[in-house]
Amino acid sequence: MRLSRSLVPTLKQTPAEAQISSHRLMLRAGLVRQTASGIYAWLPLGLRVLNAISAIVRAEQNAAGAQEMLMPTLQTADLWRESGRYDAYGPEMLRIRDRHERDLVYGPTNEEMITDLARQSIQSYRELPQTLYHIQWKFRDEMRPRFGVMRGREFLMKDAYSFDLDYAGAVNSYRRMMLAYMRIFQRLGIRAIPMLADTGPIGGDLSHEFIILAPTGESQVFYDAALEQLDYLRSSYAYDSPADLANFHDLINTYYAATEEKHDQARWATVAQASRREGRGIEVGQIFYFGQKYSKPMGFSVAGPGGRPIVPEMGSYGIGVSRLVGAIIEASHDDAGIIWPESVAPFRAALLNLRAGDAACDAVCEDVYGRHPGAMLLDDRDERAGAKFADADLLGLPWQIIVGPRGAAAGRVEVKRRATGERAELSVHDALAKVF
RNA sequence: CGGGGCGUAGCUCAGCCUGGUAGAGCACCUGCUUUGGGAGCAGGGGGCCGGAGGUUCGAAUCCUCUCGCCCCGACCA
């Protein structure tokens, strides 16, 4: 992408409304713009991050055997009356009336709708278990939106729903999702810690939230540092092995982790002093097992082997995709700007033409850019070097390839790693080999 | 929802108290000089002072109402 022809409105000054670093940086780097309280437009660079996160979530959900689908944002109120949540959910749910005076809601979550779809389409025990998910915009009319996309009213969420024939199957599905979540977060470049949680309005009796440490977090959390070291990507747990999943779950449960609501001083005292991690935490996902909470009142049953009906056991599994953009920045930035993990960066590298218009600089830049046009952001603007350096650091792409008049004539460029500041002057060939 | 604050140029803000021709810096446009960490000089464009009423000869400024946004708290993927 060529910066000279792109909508990347970086700001030198911080907009007055932004209080926390991720919000400030998202505005300054031109990722998003607020259009109403808690509602954001995603500009080209921000959307690329959202898409990169979604792609990882999608790949890992698919690997765990979940099927992608897409449910609408608007739902009829009737479904919510069936489950009893139309009244229970409260003013957080946005209620809408259409021209025929029919009550609709802008979905804050999709348990009712997926249960309705399942009861229409699944008739036999032979068709279970199944897990379905979608990545869709949600709306929750928060009393007080804040922290940019971390607590918006409209947000992008991956939500998955599992249907099993019995408790053991449901717990297995729950564990499978938990493993998928740990792999997702690790690939995103963050360390999210699973913590036993309250179930809240979703209901049910088994739930974990996934929390990353950040000074601006919303609740106090406590956990054993060993949980930061576990490598889920290299682990050999197989999704189709209940024994593996049980082992994985046992491993997680070996270590202490709790939010302040569930904090247990006695158990905390048994964690070695050096291993104690304590601080503010941001929730980036939550999973629930809730049995027949929806299947039963909504009349979803399948024929069992003997012909008798079985009411499926369900679970739901959410990841705040748009919130993760803010959360990742909270966890990874410095005074100069964002430091994107490679897996979610909008581009792999920034290519800085320090003197656009100089024949040698232009030639080297076009040559380099032409080799990976989809992976580079070419700063071909008519700006001074200082402005380009500052914007490159602000945007936080993992690599910077700096083409200046000093080296360009000799075919040499400078490669800078954003995370460490480490630089090297290299030939074009070596630079590309280093970055790609 | 309770408490507090703020709406003036794209951004950050001054002006308001004490009414009298709408300002600064940055950004933007033109030209020249400059060119490896947010350049300099000269010129230029851009505002229904959130909106509606009112007071007044005259309102960004005073009064009333309203809308929006932010912060603190209780609540939350």
Side-chain angles (χ1 to χ4, degrees), chain A residues 7 9-20 23-24 27-28 30 33-39 57 89-93 107-111 135-160 181 192 197-202 207-211 217-219 259 261 282-288 316-327 335-337 352-358 361 379 381-394 400 402-408 412-414 416 421 423 425:
Chain A
L7 183 65
T10 57
L11 301 173
K12 216 190 277 192
Q13 280 165 309
T14 303
E17 74 263 22
Q19 300 297 314
I20 66 168
H23 190 195
R24 282 200 293 265
L27 292 169
R28 287 194 52 215
R33 286 293 183 265
Q34 182 174 140
T35 64
S37 180
I39 301 179
V57 169
Y89 213 97
E92 233 182 53
M93 184 157 68
T109 179
N110 286 60
E111 280 82 7
I135 300 175
Q136 176 65 291
W137 293 94
K138 304 292 188 291
F139 194 92
R140 293 185 191 173
D141 202 356
E142 293 285 344
M143 234 176 290
R144 187 180 160 212
R146 61 185 127 167
F147 304 147
V149 301
M150 299 246 289
R151 175 94 55 85
R153 293 193 292 170
E154 187 184 55
F155 56 97
L156 188 62
M157 178 165 121
K158 186 286 301 180
D159 41 324
Y181 273 37
D198 284 323
T199 51
I202 307 282
S207 177
H208 282 84
E209 26 187 32
F210 300 82
I211 289 182
E218 297 151 28
S219 59
T259 60
E261 299 85 43
I282 300 172
E283 181 186 336
V284 292
Q286 186 164 8
I287 60 179
F288 305 86
S316 73
Y317 315 89
I319 289 183
V321 175
S322 50
R323 170 179 282 190
L324 272 165
V325 179
D335 290 344
L352 309 194
N353 187 343
L354 292 192
R355 200 177 297 176
D358 176 87
C361 287
D379 191 346
R381 296 173 304 169
D382 182 22
E383 286 289 343
R384 297 172 62 82
K388 296 192 177 191
F389 285 129
D391 272 345
D393 286 347
L394 174 62
Q400 294 171 16
I402 300 161
V403 180
R406 273 193 334 223
R412 297 185 72 77
V413 300
E414 189 173 302
K416 174 179 161 185
R423 303 152 174 273
E425 192 180 312

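Heavy-atom basis, side chains included; hydrogens, waters and symmetry copies ignored. In the text below, chain A, chain B and the rest are named by the order of the sequence lines, each starting its count at 1.
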Can you list the residues that meet the salt bridge (Lys or Arg N to Asp or Glu O under 4.0 Å) rule with [X], with sequence neighbours excluded?
X        : answer
A:Arg153 : A:Asp141
A:Asp159 : A:Lys138
A:Arg151 : A:Glu218

Pairing nucleotide - [N], Watson-Crick or G-U, each distance under 3.5 Å:
N     : answer
B:C1  : B:G73
B:U35 : none
B:C48 : none
B:G43 : B:C29
B:U18 : none
B:A24 : B:U12
B:U55 : none

Determine the interatomic distance between [atom1] on [N] and the same-named atom on [M]; round to the nearest Å.
N     : M     : atom1 : value
B:C6  : B:C13 : C1'   : 12 Å
B:G19 : B:U61 : C1'   : 6 Å
B:C49 : B:G23 : C1'   : 11 Å
B:G73 : B:G58 : P     : 47 Å
B:U66 : B:G47 : P     : 31 Å
B:C17 : B:G50 : P     : 15 Å
B:G10 : B:G5  : C1'   : 24 Å
B:G4  : B:U8  : C1'   : 22 Å

Subject >> Which nucleotide in B:C76, B:C70, B:A74 has an atom nearest any side-chain atom of A:Arg144 >> reply: B:A74

**OP:** Name the closest nucleotide to the A:Lys12 side chain, picking from B:C26, B:C69, B:C75.
**Re:** B:C26

Original post:
Do A:Asn110 and A:Gln136 meet the criterion of a side-chain donor-acceptor pair at a distance under 3.5 Å?
Top reply: no

Just call it for [X]: base, sugar-phosphate, or nothing, with non-hydrogen atoms closer than 4.0 Å on any strand.
X        : result
A:Arg28  : base
A:Gly148 : nothing
A:Ala36  : sugar-phosphate
A:Asp391 : base

Original post:
Okay, side chain of A:Tyr181, backbone of A:Tyr317: is any donor-acceptor separation there less than 3.5 Å?
Top reply: yes

**OP:** Take the protein atom CG of A:Asp382 and the nucleotide atom P of B:U33, then report the distance between them rounded to whole Å.
**Re:** 14 Å

Subject >> Reading 5' to 3' through nucleotides 8-13 of chain B, protein heavy-atom contacts under 4.0 Å coded B for base, S for sugar-phosphate only, - for none >> reply: ---BSS

Subject >> Sidechain N-carboxylate O distance under 4.0 Å for A:Asp393, A:Lys416 >> reply: yes

Subject >> Residue list, side-chain contact (heavy atoms from CB on, under 4.5 Å) with A:Glu425, at least two apart or on another chain >> reply: A:Arg412

Original post:
What distance separates A:Asp382 CG from A:Arg355 CZ, expressed to the nearest 0.5 Å?
Top reply: 12.0 Å

Original post:
Given that A:Lys388 and A:Phe155 both sit by RNA chain B, which one's nearest nucleotide is further toward the 5' end?
Top reply: A:Lys388

Original post:
Closest approach of A:Gln286 and A:Ser207, non-hydrogen atoms and distance?
Top reply: NE2-OG, 2.9 Å

**OP:** Could you tell me which non-hydrogen atom of A:Pro405 sits nearest to which non-hydrogen atom of A:Cys361, and how far apart they are?
**Re:** N-SG, 3.5 Å

Subject >> A:Met157 and A:Arg140: CA distance, side-chain angles, deciding distance, side chain to side chain contact (heavy atoms under 4.5 Å, CB included) verdict >> reply: CA-CA 12 Å; A:Met157 178 165 121; A:Arg140 293 185 191 173; 4.1 Å; yes

Original post:
Side-chain donor or acceptor of A:Arg140 under 3.5 Å from a matching atom on the base of B:C76?
Top reply: no

Original post:
Does A:Gln34 have a side-chain nitrogen or oxygen under 4.0 Å from the phosphate oxygens OP1 or OP2 of B:C70?
Top reply: yes

Check nucleotides 34-37 of chain B against the protein and report each pair of N or O atoms closer than 3.5 Å, with its distance, or say if there are none.
residue: B:U34; atom: O2; partner: A:Arg384; partner atom: NH1; Å: 2.7
residue: B:U35; atom: O2'; partner: A:Arg355; partner atom: NE; Å: 3.1
residue: B:U35; atom: O2'; partner: A:Arg355; partner atom: NH2; Å: 2.7
residue: B:G36; atom: N2; partner: A:Glu414; partner atom: OE1; Å: 2.6
residue: B:G36; atom: N2; partner: A:Glu414; partner atom: OE2; Å: 3.0
residue: B:G37; atom: O6; partner: A:Arg423; partner atom: NH2; Å: 2.1
residue: B:G37; atom: N1; partner: A:Asp393; partner atom: OD2; Å: 3.3
residue: B:G37; atom: N2; partner: A:Asp393; partner atom: OD2; Å: 2.4

